[in-house]
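Reminder, nothing fancy here: chain letters follow the sequence lines and each chain counts from 1.
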2 protein chains.
Amino acid sequence: MKLENPTGTALYSIEKAIKEYRKLAQKNITKVVKDITIDQCLVLIILNDNQNISQKELANLVFKDNASITRMIELMVKKQYLNRTIHLEDRRKFNLEITNKGITTLELMKPVIKINRKTALDGLSLEEIALLNKTLNKIIANCKK
Amino acid sequence: MKLENPTGTALYSIEKAIKEYRKLAQKNITKVVKDITIDQCLVLIILNDNQNISQKELANLVFKDNASITRMIELMVKKQYLNRTIHLEDRRKFNLEITNKGITTLELMKPVIKINRKTALDGLSLEEIALLNKTLNKIIANCKK
DNA sequence: GAAATTATATTGATATATCAATTATATTTG
DNA sequence: CAAATATAATTGATATATCAATATAATTTC
């Protein structure tokens, strides 16, 4: 039995790598903030950098569909990480805004996120990482065709 | 706004790559078999190669926890892709067995799976793929520490 | 060999994923 | 400008993810 990679394709390794990273990341983030998931964390990071983003754009960036992001946002509003107000120019849209609690929480998580990434990529040279990115981008482009 | 990679880390690219691949794979598999997911497909592939595997081992190989695999198997039994019988030597366990329908379905999907993988890895040299695997395995090992 | 521990799997609760259908608003077209 | 089309987001249904608690069986320990 091929224990590490039962399919024998690099695509399995890609999935395994991200699953292991998510496990590590979630474990460490939970240590500092109890009620947040790494996906919610990514939402905060992206909203922090991109004020005027729509739910649809946000969904794309965090790899979710509109339905999922709707429910995630609902929950994050309920937990007071986000505010949601109607978009004046296009009333189909909403403005998404991080609350003060959201910002505080993000600041609390930032060092943990940094350590997580460092841990995952430990021992990899810059060249190796660049090559990894390049290869992954090729795969992404191939799948989108 | 960094559109392709808002976090600037290779880990985001890893996630993006596998998500794009899963989309492609699911789309093409649905064309030949309506009621199966790529995860169920992976379960069939693994069970086909490993007769005497426990649910726990299976769960590990497909990156799921025991609860998820229990429900997946229930569903696959209901859809008649699998049979489940009590394990005589260890009565906590079950024997998982692909049905004839499961085997037929798998044969139907095999060429599609092959094409999907080829599509995703198109234009990558063997060396590039080997290096990708090597780097990913380092990341996997780092996360497990 | 009975009690304590460990292992396998299930169940319940809640969140998320996904698809299809729907609602509300904007935009385009004739 | 009204009708048709397109877009943003929501809702419903069902499957899956995840954690904690539980049930059952096997193994270990004394």
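- In this structure, Glu74(A) and Val62(B) both approach DNA chain D, and ranking their closest nucleotides by distance from the 5' end singles out Glu74(A).
- Between Arg71(A) and dA13(D) there is no side-chain N or O to OP1 or OP2 distance below 4.0 Å.
- Between dT16(D) and Gln40(B), a contact under 4.0 Å exists linking OP1 or OP2 to a side-chain N or O.
- Within 4.0 Å of Leu75(B), counting heavy atoms only, lie sugar-phosphate atoms of the nucleic acid but no base atom.
- Side-chain to base pairing of Arg92(A) with dT7(D): one donor and one acceptor N or O lie within less than 3.5 Å of each other.
- Between Thr70(A) and dT10(D) there is a side-chain polar atom (N or O) within less than 4.0 angstrom of OP1 or OP2.
- Glu15(A) and Arg22(B) are joined by a salt bridge, as a carboxylate oxygen and a charged side-chain nitrogen come within less than 4.0 angstrom of each other.
- If you check every strand for non-hydrogen atoms under 4.0 Å, Arg22(A) touches nothing.
- For dT10(D), the OP1/OP2 oxygens have a side-chain nitrogen or oxygen of Gln55(A) closer than 4.0 Å.
- In this structure, the CG atom of Asp35(A) is 18 Å from the P atom of dT18(D), given to the nearest Å.
- For an aromatic pair to be called close, the ring centres must be under 6.0 Å apart, and Tyr21(B) with Tyr12(A) fails this.
- Ser13(A) pairs with exactly one of Ile139(B), Leu132(B), Thr135(B), Leu136(B) by the side-chain contact (heavy atoms from CB on, under 4.5 Å) rule, that one being Leu136(B).
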